[in-house]
Amino acid sequence: MSRMGDVLAGFHAAWEFESDSVLIRYERGIRTPKLFQALGERRIPLEAIAGVTLTPGRRGTVVLRIEPRPGADPLMEAAAGQLKDSCDPYRLVLPAERGTLAEYYAGELLALLTESGPAERHLVPPPEAPLRFKAYDGRAAFDGTTVSFRWFWTGASSAKWKAGDQRFSIGELCGVEWRSPEVFEGHLRLLRRDEPAQPPHADQDPAAVVFGLGYGPVHESLPFAAAVLAAARTSTPVPAVAAAAVRRDPADIADRIRHLGELHQAGLVTDEEFSVKKAELLAEL
């Protein structure tokens with residue numbers, strides 16, 4: 001390939017070609033997509049690349065794009081084809097006059113590729129925890145081992161308030177379902193190993209947070225989803241007994257009882273429902 005360390009700079013990003021990878025560094029300017037700014041930089045191993053394309057762009061530009069292997073990048077797996085072209089982290093847009101140079105690099109890179117088809121594991125590093133973002137109905141946080149949802153009074157459904165704030169060990173999860181906040185009914189749902197065949201609507205599901213205008217933006221919720229997905233794929237499943245133990249943390253139980261009391265005071269649960277649910281929570285201690 002070209003000399004190690006060769007750099008091809010375009011709009012919003014620069015690609016540095018190494019002997020075993022492509023290092024993509026994203027700009028931090030005000031016109032740079034927020035997702036790129038959040039990612040900072042990404043190293044793409046050659047084994048994660050299925051191909052390279054060069055196509056005409058808009059307004060006197062050309063587009064050089066790496067085609068990642070399916071399953072190689074947790075970010076793209078979580079996105080599931082929902083990203084707009086302008087937010088595609090694998091596109092490098094260049095002035096048309098640099099097309100010949102871009103074609104040269106594309107050819108050099110293609111000559112080194114030896115892998116194709118779906119990857120058996122994630123090959124591109126995920127965004128690093130801790131991560132957090134504000135959804136419409138709650139605040140989501142991930143510390144690398146546990147995902148937590150803390151519900152908001154103003155957005156969470158009564159079903160979520162009754163369930164209380166949630167904590168999920170990575171070992172309980174098998175994946176995520178991310179629906180872009182830029183489309184109708186955007187949400188992030190945690191897929192559990194004991195997931196019911198027909199999970200409830202995201203608004204009613206304590207394992208999901210829903211998005212809204214200004215809530216759960218792509219540059220915050222997608223890296224979060226990718227990090228959780230990558231961790232879930234490499235974790236050891238938690239046995240049912242151990243999974244139940246996660247929910248027996250006294251502080252967590254106390255928070256749930258507090259939320260239940262607030263629901264009761266607001267008239268969202270009856271006296272009987274309050275007594276029964278409180279007894280169930282206390283029994284978990």
Side-chain angles (χ1 to χ4, degrees), residues 10-13 15 22 24 26 32-40 42-58 61-93 106 109-110 113 115-127 131 133 135-136 140 142 173-191 195 199 201-202 205 207-213 215-233:
F11 298 114
H12 308 316
W15 291 7
V22 178
I24 303 177
Y26 302 100
T32 301
K34 289 184 177 180
L35 177 60
F36 294 179
Q37 296 184 48
L39 294 175
R42 312 190 78 211
R43 186 174 295 278
I44 315 300
L46 296 184
E47 61 179 330
I49 302 174
V52 186
T53 61
L54 181 63
T55 58
R58 301 175 58 187
T61 63
V62 293
V63 179
L64 185 63
R65 185 179 189 274
I66 288 174
E67 297 178 352
R69 294 171 60 195
D73 183 354
L75 187 85
M76 301 305 285
E77 184 176 352
Q82 299 174 76
L83 288 178
K84 297 178 179 179
D85 284 349
S86 59
C87 289
D88 184 345
Y90 285 93
R91 294 173 83 248
L92 182 66
V93 182
L109 187 55
L110 278 170
L113 303 183
E115 304 292 338
S116 63
E120 296 181 356
R121 60 184 177 84
H122 291 144
L123 300 170
V124 181
L131 295 164
F133 71 91
Y136 174 74
F142 177 49
L173 308 178
C174 61
V176 300
E177 177 184 81
W178 183 78
R179 294 292 177 265
S180 174
E182 298 177 345
V183 300
F184 183 65
E185 296 187 340
H187 65 263
L188 171 65
R189 188 195 305 273
L190 304 178
L191 304 180
E195 187 77 21
H201 189 278
D205 188 354
V209 289
V210 299
F211 304 149
L213 185 62
Y215 294 94
V218 171
H219 70 281
E220 294 180 354
S221 62
L222 180 56
F224 185 103
V228 174
L229 174 62
R233 287 288 175 82

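This structure is a prediction, so every number in the text was calculated from the model and none was measured.
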Next on the checklist: If you define the side chain from C-beta out and look only at heavy atoms, does anything of Glu67 sit under 4.5 Å from Thr53?
Outcome noted: yes

Checklist outcome for this item: In terms of heavy-atom contacts, Ala231 and Phe142 come closest through CB-CZ, 3.9 Å

Checklist outcome for this item: By side chain to side chain contact (heavy atoms under 4.5 Å, CB included), Arg58 pairs with (sequence neighbours left out) none

Item to check | Spacing of NE2 belonging to His12 relative to OG belonging to Ser86, to within rounding of 0.5 Å | outcome: 8.5 Å

Checklist entry - If only atom types and distance count, is the side chain of Gln82 paired as donor or acceptor with the main-chain N or O of Ser180 below 3.5 Å? => result yes

Checklist entry - Hey, what do you get for CZ (Phe133) to NE2 (His219), rounding to the nearest 0.5 Å? => result 11.5 Å

Checklist entry - What are the two closest non-hydrogen atoms of Ala208 and Ala202, and how far apart are they? => result CB-O, 3.9 Å

Checklist entry - Within a strict 4.5 Å, meaning less than it, do heavy atoms of the Leu222 and Leu83 side chains meet? => result yes

Checklist entry - Is there side-chain contact between Met76 and Pro89, with heavy atoms separated by less than 4.5 Å? => result yes

Checklist outcome for this item: Nearest heavy-atom approach of Leu64 to Ala106 is CD1-CB, 3.7 Å

Checklist entry - Rounded to the nearest 0.5 Å, how far apart are CG of Leu173 and CZ of Arg189? => result 13.0 Å

Item to check | Check ion pair Arg179-Glu177 (N to O, under 4.0 angstrom) | outcome: yes

Item to check | Shortest non-hydrogen contact from Val210 toward Ala135 | outcome: O-CB, 3.3 Å

Checklist outcome for this item: Distance col, row His187:NE2 vs Asp205:CG, nearest 0.5 angstrom, shows 8.5 Å

Item to check | Over all atoms of both residues, closest heavy-atom pair of Val124 and Pro45 | outcome: CG2-CD, 4.2 Å

Next on the checklist: Could you check whether any side-chain heavy atom of Leu35 comes within less than 4.5 Å of a side-chain heavy atom of Pro223, counting everything from C-beta outward?
Outcome noted: yes

Checklist entry - Are the side chains of Thr61 and Phe11 in touch, meaning some heavy atoms are under 4.5 Å apart? => result yes

Item to check | Lys84 side chain near Val218 side chain, heavy-atom distance below 4.5 Å | outcome: no

Item to check | Any donor-acceptor pair under 3.5 Å from Gln37 side chain to Thr32 backbone | outcome: yes

Next on the checklist: Would you say that Asp85 contacts Val63 through its side chain, given a criterion of any heavy-atom pair below 4.5 Å between the two side chains?
Outcome noted: no

Next on the checklist: Could you measure the distance from the CD1 atom of Ile49 to the CD atom of Glu115? Nearest 0.5 Å is fine.
Outcome noted: 11.5 Å

Item to check | Backbone N/O of Pro118 and side chain of Arg69: donor-acceptor pair under 3.5 Å | outcome: yes

Item to check | Between CD1 on residue Ile24 and CZ on residue Arg43, distance to nearest 0.5 Å | outcome: 10.5 Å

Checklist outcome for this item: Of all heavy-atom pairs linking Phe211 and Leu188, the shortest is CZ-N, 3.6 Å

